[in-house]
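Working notes, structure below.
Throughout, protein chains are lettered first and strands after them, A, B, ... in sequence-line order, and every chain is numbered starting at 1.
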Amino acid sequence: MIDIKFVRETPDILRAALANRNSKGVDVDILLDADKERRTLVHEMEQLRAAQNQASLTIGELKRGKQDAAAAMAEMKLVSDRVKMLDEQVRAVDEQLSNLLLSVPNLPDASVPVGRDEHANRIERAWGTPRTFDFEPRDHVDIGERLGILDFATGVKLAKARFCLVRGMGARLERALYNFMLDLHTGEHGYTEILPPYAVNSDTMQGTGQLPKFAEDSFKLEGHDLWLIPTAEVPVTNIHKGDILDASELPKYFTALTPCFRSEAGSYGADTRGMIRQHQFNKVELVKLCTPETSFDELDKLTANAETVLQRLGLPYRVMTLCTGDMGFSAAKTYDIEVWLPGQGKFREISSCSNCTDFQARRANIRFKRGKKPEFVHTLNGSGLAVGRTAIAVLENYQEADGSVVIPEVLRPYMGGVEAIRPQGKT
RNA sequence: GGAGAGGUGGCCGAGUGGUUGAAGGCGGCGGCCUCGAAAGCCGUUGUGCCGCUUCGCGGUACCGCGAGUUCGAAUCUCGCCCUCUCCGCCA
């Protein structure tokens with residue numbers, strides 16, 4: 001949520017930022033009008049309340065002195081009615097204002113390239129050299145089905161399209177990957193491991209920005225005020241919802257492995273083949289709460305933490321800075337990490353690391369105190385990494401001509417020493 | 001899911017319609033005392049919003065959440081949520 005005072009004082013900056021984000025749906029003038037009306041109503045109401053409180057004392061004294069208070073009470077009845085009316089109006093305008101504010105995206109940081117869509121994203125750096133194959137590399141669907149570890153048909157039978165079943169060494173590979181990631185982030189990068197609820201209430205969803213605007217992207221549990229989490233960012237960032245932390249507690253680093261559930265509404269026809277875009281996938285998430293002046297440094301460090309996973313796995317990647325038009329709703333700045341997938345001949349997103357500045361902190365009311373006044377923390381999140389996509393990257397980058405897949409060195413201790421996944425019947 | 005009890009400030013705990021933002025205690029902070037510390041004593045101690053002559057002042061709201069009764073609600077009524085105990089069920 002953006003600060004209403006910011007809207008009030010610098011509406012033109014907001015207008016420009018919204019135009020860059022392709023957010024033409026937000027009408028700043030309506031926001032300003034609602035704010036003005038609210039303040040007028042609140043002012044009148046509070047003056048009447050003050051009179052009411054004053055009169056109440058007098059009436060109390062009269063009654064204690066056994067004197068007649070009927071006249072004062074009759075007079076106050078009128079004031080009371082007027083207050084009730086104003087209160088209703090304030091409530092209505094409050095609701096309108098908060099709905100408007102909740103639908104305004106975060107403001108892009110000045111360092112973010114301006115642009116309409118992904119074509120304006122900026123390549124920040126690249127790591128590793130894509131391997132040259134002396135055979136035509138297959139994509140993960142071919143590799144996985146030949147090895148008998150990816151079973152898309154059974155996923156559809158049990159649930160529906162965009163669900164899949166992973167078997168045997170494939171399941172073991174995912175388990176190895178996320179254990180490796182969690183060990184790295186907790187052991188070397190200083191994150192505290194969290195095992196959060198996989199379903200959260202609407203208030204929590206609103207805190208990180210999934211609600212009210214993007215309800216159709218998530219799965220709601222029928223008959224309950226509960227949503228399957230689309231990312232661990234939601235429960236983990238909200239751990240301190242409503243809290244005032246002591247400045248000495250910051251920064252806080254959390255990591256969590258969870259399944260992520262996404263309805264993928266609006267992505268019909270995109271990435272229908274394979275495991276790239278599923279309704280359910282595992283992800284190791286990194287979340288930070290920190291002071292405002294450190295958040296961009298923390299973003300760089302968080303992104304580096306995610307990159308380390310790919311480096312240790314020997315997977316080539318590049319880092320992109322998303323442009324204003326391509327960023328998510330809550331982010332002020334986002335780096336996407338894209339891993340090289342030889343089966344597709346493309347870089348594909350495997351991590352998205354964002355500084356949400358005070359945007360989520362305002363919604364979730366997460367503050368810290370170092371002076372007299374509490375201040376909003378800055379929140380950050382990033383994938384470290386999407387586990388399913390990492391498995392895809394391993395399959396495609398480490399495939400051999402005979403259809404087997406070599407296990408990267410760092411994963412072997414997590415795979416019981418297995419050095420390669422080989423087709424059935426071969427050793 | 002059923003029955004009962006309960007939800008008050010950082011914590012404990014008073015308070016059943018009228019100077020109660022809320023007694024008392026603990027903790028925290030500041031001071032006195034002390035060579036220093038403890039003890040003791042004194043003072044202080046939340047958050048949001050609105051306004052102003054904005055290192056502060058004034059107003060208003062907040063006693064689980066939401067509605068209602070009343071001139072006036074922490075206190076009364078209704079709905080919801082949560083916690084605890086017992087029963088049922090269950091990994």
- Message: Name the residue from A:V410, A:L177, A:L315, A:L385 that meets the side-chain contact (heavy atoms from CB on, under 4.5 Å) definition with A:V309.
- Response: A:L385
- Note on the structure: A:Y198 atom OH is separated from B:A91 atom P, nearest whole Å, by 20 Å
- Task: With C1' as the reference atom in both, quote the distance from B:C65 to B:C57 in angstrom, rounded to an integer.
- Result: 33 Å
- Query: Considering only heavy atoms, which members of residues 87-101 of chain A lie under 4.0 Å from some atom of RNA chain B?
  - Reply: A:R91
- In whole angstrom, give the distance that lies between atom CD1 of A:I4 and atom C1' of B:C49. 12 Å
- A:Y191 ring center within less than 6.0 Å of A:F254 ring center: no
- Item | Base-contact (B) and sugar-phosphate-only (S) positions in nucleotides 51-62 of chain B, heavy-atom cut-off under 4.0 Å, - elsewhere | S----S--BSS-
- Message: Quiz question: by atom type and distance under 3.5 Å, do the side chains of A:D336 and A:S351 form a donor-acceptor pair?
- Response: no
- Query: What residues in residues 219-228 of chain A put a non-hydrogen atom under 4.0 Å from any atom of RNA chain B?
  - Reply: none
- Message: Regarding A:N282 and A:E174, do their side chains bring together a donor and an acceptor under 3.5 Å, going by distance alone?
- Response: yes
Pairs under 3.5 angstrom only: tabulate donor-acceptor contacts from the side chains of residues 32-39 of chain A to other protein residues two or more places apart or in another chain.
| residue | atom | partner | partner atom | Å |
| --- | --- | --- | --- | --- |
| A:D35 | OD1 | A:R8 | NH2 | 3.1 |
| A:D35 | OD2 | A:R8 | NE | 2.7 |
| A:R38 | NE | A:D94 | OD1 | 2.6 |

- Could you check which nucleotide pairs with B:G58 in any of the strands shown, counting Watson-Crick or G-U wobble with both distances under 3.5 Å? B:C50
- Donor + acceptor pair across side chains of A:Y317, A:E307 (<3.5 Å): yes
- Would you please confirm or rule out a distance under 4.0 Å between OP1 or OP2 of B:U70 and any side-chain N or O of A:S80? no
- Message: Any strand counts, and the cut-off is 3.5 Å on both contacts for Watson-Crick or G-U wobble. Which nucleotide pairs with B:U83?
- Response: B:A5
Compile the donor-acceptor pairs under 3.5 Å between side chains in residues 45-56 of chain A and protein atoms, sequence neighbours left out, one pair per line.
| residue | atom | partner | partner atom | Å |
| --- | --- | --- | --- | --- |
| A:N53 | ND2 | A:R49 | O | 3.4 |
| A:S56 | OG | A:Q52 | O | 3.2 |

- Message: Which residues pass the side-chain hydrogen bond (donor to acceptor under 3.5 Å, both in side chains) test with A:R312, not counting sequence neighbours?
- Response: A:E188
- Task: Please check if any side-chain donor atom of A:T379 sits under 3.5 Å from a side-chain acceptor atom of A:K288, or the reverse.
- Result: no
